[in-house]
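The block underneath contains the structure these notes are about, expressed in structure tokens.
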Protein chains: 2
Amino acid sequence: MSKNATNTGRRAGLDRNDMVAAALALVEADGVGALTMRRLAAELDVTTNTIYWHVGSRDELILEIIRSHSRQIAELPIEGTTAQERVFSAARHIWESSMASRSVTSLAHQTGTAAEHLHPLEVVLAQELEAAGLRGEELARAQRSIQVTVGGFLLNALRSDASREGDARGAAWTDEDNGLTPETVDALAQSPDYDALLADTLRAIIATHVG
Amino acid sequence: MSKNATNTGRRAGLDRNDMVAAALALVEADGVGALTMRRLAAELDVTTNTIYWHVGSRDELILEIIRSHSRQIAELPIEGTTAQERVFSAARHIWESSMASRSVTSLAHQTGTAAEHLHPLEVVLAQELEAAGLRGEELARAQRSIQVTVGGFLLNALRSDASREGDARGAAWTDEDNGLTPETVDALAQSPDYDALLADTLRAIIATHVG
DNA sequence: GTAACACTAGAACAGTGTGCAAGTAGAACG
DNA sequence: CGTTCTACTTGCACACTGTTCTAGTGTTAC
């Protein structure tokens with residue numbers, strides 16, 4: 001008698017890609033914290049074991065999410081005529097893409113897969129640096145300097161829109177007797193405009209490498 | 001009869017500071033992953049409840065760890081005679097201190113308390129920027145630009161010594177047909193020298209702010 | 001001596017990722 | 001048609017996480 005009391009034999013009709021897609025959707029909708037195996041299983045109307053069978057582990061799942069999203073990143077057109085402008089544009093695409101899909105970017109940062117995530121855009125940057133005349137070691141230095149800097153800005157920008165609790169950020173500057181000008185303390189206590197700040201910083205870095 | 005069957009009444013002779021100190025030692029010895037409430041309790045020969053009674057929660061504990069370590073950060077002497085050199089020196093102190101105690105830095109980064117952690121060194125940087133003639137908004141821009149950049153380098157440097165598995169880092173550049181020079185691909189495939197790279201990047205940024 | 005307080009332990013809860021063994025639908029083969 | 005074999009799905013359990021509730025007891029104050 002097979003009354004299917006356990007439901008073990010049913011076909012869910014889902015494959016690896018479906019799980020990755022659902023996981024990606026879950027992260028984009030409800031954030032990194034929502035990505036638990038049980039939650040994803042519930043979303044797919046399936047048990048966690050099914051996910052494990054198709055995907056292997058949570059780490060593999062995350063890697064696939066990042067890879068999948070990496071392929072979806074649209075390569076915006078590079079703007080500008082001078083070499084500096086075009087490199088700047090390529091660098092900012094990394095920032096803009098990352099900020100546009102904050103949740104996935106957070107996931108990539110937390111799991112150390114940020115390089116994999118943004119790789120297509122980083123290639124474009126490298127191409128633009130070659131077009132500017134850089135090669136080899138010299139190019140690598142410029143490339144890394146830009147990548148790491150953008151990464152730092154992402155880190156701070158993503159954190160600051162996660163914690164909007166009474167601006168504890170700048171309070172440390174005002175509640176203390178450092179020997180700073182009140183004017184300076186005021187400026188440091190306010191929440192920064194990372195977008196504009198990154199623009200300035202990038203221009204400074206790029207100017208030293210592509211001249 | 002009080003045969004102390006449950007051990008509930010014994011005095012452990014520990015206070016809040018002892019727990020924070022033990023937690024800090026635990027993190028420094030065995031890394032961030034070792035900081036679990038049960039592990040710390042075992043280290044103190046106590047139950048988790050005792051920790052909760054003294055500290056409150058894991059988040060509070062971590063905050064105290066960061067604050068405690070923040071106070072222990074030695075303020076190295078600023079080197080250099082020109083304004084640029086001295087600002088550079090102050091900026092590098094942030095980097096060096098963070099790298100010297102990687103585990104705590106990782107903890108601070110993961111919990112979003114990096115600002116609290118490095119605040120004393122950031123104050124020194126701000127003072128040096130004022131000494132260079134900067135004030136208010138202008139100083140804040142320079143300060144943030146430097147801080148965020150150093151943060152980005154820390155993020156990458158700390159990750160790269162955590163994952164030393166066959167250099168999957170640069171493999172993405174070689175296994176693909178991007179339109180790049182072999183010379184460039186080679187350079188990008190190698191693992192970067194973050195220390196030297198940061199020095200260059202900092203000089204570029206500082207040069208644009210303090211002239 | 002007794003009552004209040006400060007502290008500690010035991011046990012449990014809800015949640016996490018993951019592994020093992022059993023079960024079944026559908027395809028392949030006879 | 002019946003059998004076997006493979007692909008998949010489930011239930012259950014384990015070890016671990018942070019946290020809380022309840023009860024117990026040494027120490028102190030009255």
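Note that these values count all heavy atoms, side chains included, but never hydrogens, waters or copies made by symmetry. Letters A, B, ... mirror the listed sequences (proteins, then strands); counts begin at 1. As the structure is a prediction and not an experimental result, all values here were calculated from the model.
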Classify B/T50 by what it touches in the nucleic acid, base, sugar-phosphate, or nothing, heavy-atom distance under 4.0 Å.
sugar-phosphate
Phosphate oxygens OP1/OP2 of C/dA6: is one of them under 4.0 Å from a side-chain N or O of B/H54?
no
Scan A/G13 against the nucleic acid and name what it touches under 4.0 Å (heavy atoms): base, sugar-phosphate only, or nothing.
sugar-phosphate
From the candidates D/dG18, C/dG19, C/dA9, the one with an atom nearest any side-chain atom of A/N49 is C/dG19
Can you tell me if CD on B/E79 sees more than 12 non-hydrogen neighbours from other groups inside 6.0 Å?
no
Rounded distance (Å) that lies between atom C1' of D/dT27 and atom CG of B/D15
17 Å
Across the strands shown, which category fits B/G33 at heavy-atom distances under 4.0 angstrom: base, sugar-phosphate, nothing?
nothing
A/L14 CG - D/dT9 P separation (whole Å)
7 Å
Answer with yes or no whether the side chains of B/S70 and B/E116 bring together a donor and an acceptor at under 3.5 Å.
no
Could you tell me whether B/E137 atom CD has more than 12 heavy atoms of other residues or ligands within 6.0 Å of it?
yes
Quick check on D/dG18: is either OP1 or OP2 less than 4.0 Å from any side-chain nitrogen or oxygen of B/T48?
no
Can you tell me whether the side chain of A/R38 and the base of C/dG15 have a donor-acceptor pair closer than 3.5 Å?
no
B/R16 atom CZ is separated from C/dA6 atom C1', nearest whole Å, by 16 Å
Does C/dT16 have OP1 or OP2 sitting under 4.0 Å from an N or O in the side chain of A/T36?
yes
To the nearest angstrom, the CG-C1' distance between A/L44 and D/dT9 comes to 13 Å
What integer distance in Å separates A/M19:CE from D/dC8:C1'?
10 Å
Using atom CG of B/L40 as one end and atom C1' of D/dG18 as the other, report the distance to the nearest whole Å.
13 Å
Out of C/dT18, C/dT8, D/dT20, whichever nucleotide has its closest atom nearest the side chain of A/R58:
C/dT18
Does a side-chain N or O of A/T47 approach OP1 or OP2 of D/dT9 to a distance below 4.0 Å, or not?
no
Ignoring the backbone of B/M37, work out which of D/dT19, C/dC7, C/dA9 is nearest its side chain.
D/dT19
Whole angstrom value for the distance that separates C1' of C/dG10 from CH2 of B/W53:
18 Å
So, B/R67 and B/E60, do they make that salt bridge, N to O below 4.0 Å?
no
Determine the contact category for A/L35: base if any of its heavy atoms lies under 4.0 Å from a base atom, sugar-phosphate if only primed atoms, P, OP1 or OP2 are that close, otherwise nothing.
sugar-phosphate
Given atom OH of A/Y52 and atom P of C/dG17, what is their separation to the nearest angstrom?
6 Å
Taking the basic N atoms (NZ, or NE/NH1/NH2) and the acidic carboxylate oxygens, is any pair closer than 4.0 Å for B/R86 and B/E128?
yes
